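Worth saying up front: this structure is predicted, and the values here are computed from it rather than measured. In what follows, chains are A, B, ... by sequence order, proteins preceding strands, each numbered from 1.
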2 protein chains.
Amino acid sequence: MAVERVERGEAGGDRDAEAVSRFVEAFAAQLVEAGMQRMPARVFAALLSSDEGAMTSAELGEQLRISPAAVSGAVRYLAQQHMVAREREPGSRRERYRVHSNQWYEAMTNRESMLKRWEDALREGVTSLGSRTPAGRRMAETLAFFEFVDGELVAMMERWRVHRAEVFGNR
Amino acid sequence: MAVERVERGEAGGDRDAEAVSRFVEAFAAQLVEAGMQRMPARVFAALLSSDEGAMTSAELGEQLRISPAAVSGAVRYLAQQHMVAREREPGSRRERYRVHSNQWYEAMTNRESMLKRWEDALREGVTSLGSRTPAGRRMAETLAFFEFVDGELVAMMERWRVHRAEVFGNR
DNA sequence: CGCTTCTTTCAGAAATTTGTGAAGTTAAGG
DNA sequence: CCTTAACTTCACAAATTTCTGAAAGAAGCG
């Protein structure tokens with residue numbers, strides 16, 4: 001006889017729910033440690049480890065044992081950060097939240113706008129403190145570092161696209 | 001007639017305290033937005049915009065209007081993140097906290113340990129969910145991305161060292 | 001040694017953040 | 001249109017974080 005499969009409500013879920021949950025909480029914990037809020041981290045981890053790579057609000061709420069409100073907040077945050085995509089199932093008011101396998105690429109590209117804001121603040125500082133003061137010079141060098149990193153990141157992401165296509169094929 | 005300079009208490013500070021403060025709060029705000037705690041962010045910004053590139057605990061407390069306790073906490077955090085160096089003035093129990101102009105290089109290098117932990121969590125997930133499940137494959141690809149980035153960062157930092165030496169000279 | 005100066009630790013007050021239930025909004029389907 | 005399913009917003013309670021004053025802990029200096 002076959003191993004009993006754990007059925008959840010209706011839709012498909014027949015994987016080792018225990019293992020999934022362990023991964024979700026472990027990975028989310030790492031993200032939290034890196035500064036992400038708890039709920040977005042858990043939701044993201046759950047999506048990442050789902051077979052579809054996408055879940056509905058209800059599924060997320062059920063699996064993570066959180067309220068619809070919490071799902072809503074987490075998902076809004078993740079969408080803003082470009083870490084999930086929202087999809088509307090045609091002919092339904094149910095929404096699905098999806099991670100693409102190169103979602104981190106997206107997110108990291110997005111990080112650049114943050115770098116830009118740092119650069120702006122630094123430029124402002126260099127100007128107002130004077131580029132010939134010691135402090136001004138230090139800030140100018142810091143600024144140069146960010147500008148350098150900025151440029152490098154773009155090139156690096158391009159290399160990743162190539163590398164990825166080689167290893168995983170174009171999907 | 002010359003613009004009146006704002007004198008602060010005793011030690012040396014005769015720069016435009018107003019401008020410094022504006023920069024400190026603006027830059028700190030950006031750091032906070034990126035996830036850093038408020039006090040560490042303010043302390044770091046203050047150090048970055050100081051002429052010496054270093055300040056004592058008392059100076060930080062005075063400029064930022066915070067208690068010695070707050071300085072202590074912020075500085076401990078920054079030191080852990082390798083974002084400031086602690087110095088002991090010889091023959092004194094006064095400590096100075098310093099940012100080096102390539103401090104971000106340090107900090108970013110440090111970020112790699114975080115990447116490593118993410119990679120560990122993902123490897124664990126791939127193993128426990130099975131590398132041939134859809135979820136497993138997605139996580140494996142995510143893992144590959146991090147490993148790629150990891151390697152690239154090392155190379156990038158090396159290029160920065162060279163670039164920096166060219167533009168700013170070895171200091 | 002003991003005084004003095006600086007830093008750290010600690011307990012608690014204050015502020016902020018987080019997650020919930022409940023009401024509100026939007027849009028599909030009869 | 002009206003109903004109903006799904007998501008969002010809001011007000012509040014609970015938990016957590018943050019900062020402070022006060023006390024304790026080091027370390028130079030006489």
**Study point:** Whole-Å distance separating the CD atom of B:Glu33 from the P atom of C:dT16
**Key:** 16 Å
Review point. Just how far, in rounded Å, is C1' of C:dT7 from CD of B:Glu89?
Key: 14 Å
Check your understanding: Atom CZ of B:Arg94 to atom P of D:dG28: distance rounded to whole Å?
Key -> 14 Å
Review point. In chain order, what residues pass the ring-ring contact (aromatic ring centres under 6.0 Å, His included) check against A:His100, with sequence neighbours excluded?
Key: none
Exercise for review: To the nearest Å, give me how far apart CG (A:Leu64) and P (C:dG19) are.
Suggested key: 11 Å
Practice item. Between D:dC7, C:dT7, C:dT9, spot the one nearest the side chain of B:Arg76, thanks. Key: C:dT9
Revision key, fill the gap. Applying side chain to side chain donor-acceptor pair (under 3.5 Å) to B:Glu119 and not counting sequence neighbours gives none
Point to revise | Separation of D:dA5 P from A:Arg96 CZ (nearest whole Å) | key: 19 Å
Practice item. Using whole Å, report how far CD of A:Glu59 lies from P of D:dA6. Key: 11 Å
Check your understanding: Under 4.0 angstrom, heavy atoms only, what part of the nucleic acid is A:Ser57 near: base, sugar-phosphate, or nothing?
Key -> sugar-phosphate
Point to revise | Non-hydrogen side-chain atoms of B:Val154 and B:Glu112 separated by less than 4.5 Å | key: yes
Practice item. Could you tell me whether the side chain of A:Met36 reaches within less than 4.5 Å of the side chain of A:Tyr77, counting heavy atoms only? Key: yes
Check your understanding: Taking only N and O in the side chain of A:Ser92, is any of them less than 4.0 Å away from OP1 or OP2 of C:dA28?
Key -> no
Review point. Do the rings of B:Trp118 and A:Trp104 sit parallel, tilted or perpendicular, given the 30° and 60° boundaries?
Key: tilted
Review point. What's the OH-P distance between A:Tyr77 and C:dT17, to the nearest Å?
Key: 13 Å
Exercise for review: In whole angstrom, give the distance that lies between atom OH of B:Tyr97 and atom P of C:dC6.
Suggested key: 12 Å
Practice item. Please work out whether the ring planes of A:Trp160 and B:Phe145 are parallel, tilted or perpendicular, with thresholds of 30° and 60°. Key: perpendicular
Exercise for review: Establish, with yes or no, whether the OP1 or OP2 oxygen of D:dT8 is under 4.0 angstrom from a side-chain nitrogen or oxygen of A:Arg93.
Suggested key: no
Exercise for review: Please work out if A:Gly73 contacts a base, only the sugar-phosphate, or nothing of the nucleic acid, heavy-atom cut-off 4.0 Å.
Suggested key: nothing
Practice item. For nucleotides 16-21 of chain D, just jot down a letter per nucleotide in 5' to 3' order: B, S or -, based on protein non-hydrogen atoms under 4.0 Å. Key: --SSBB
Practice item. Ignoring hydrogens and angles, tell me if any N or O in the side chain of A:Ser92 forms a donor-acceptor pair with the backbone of A:Arg88 under 3.5 Å. Key: no
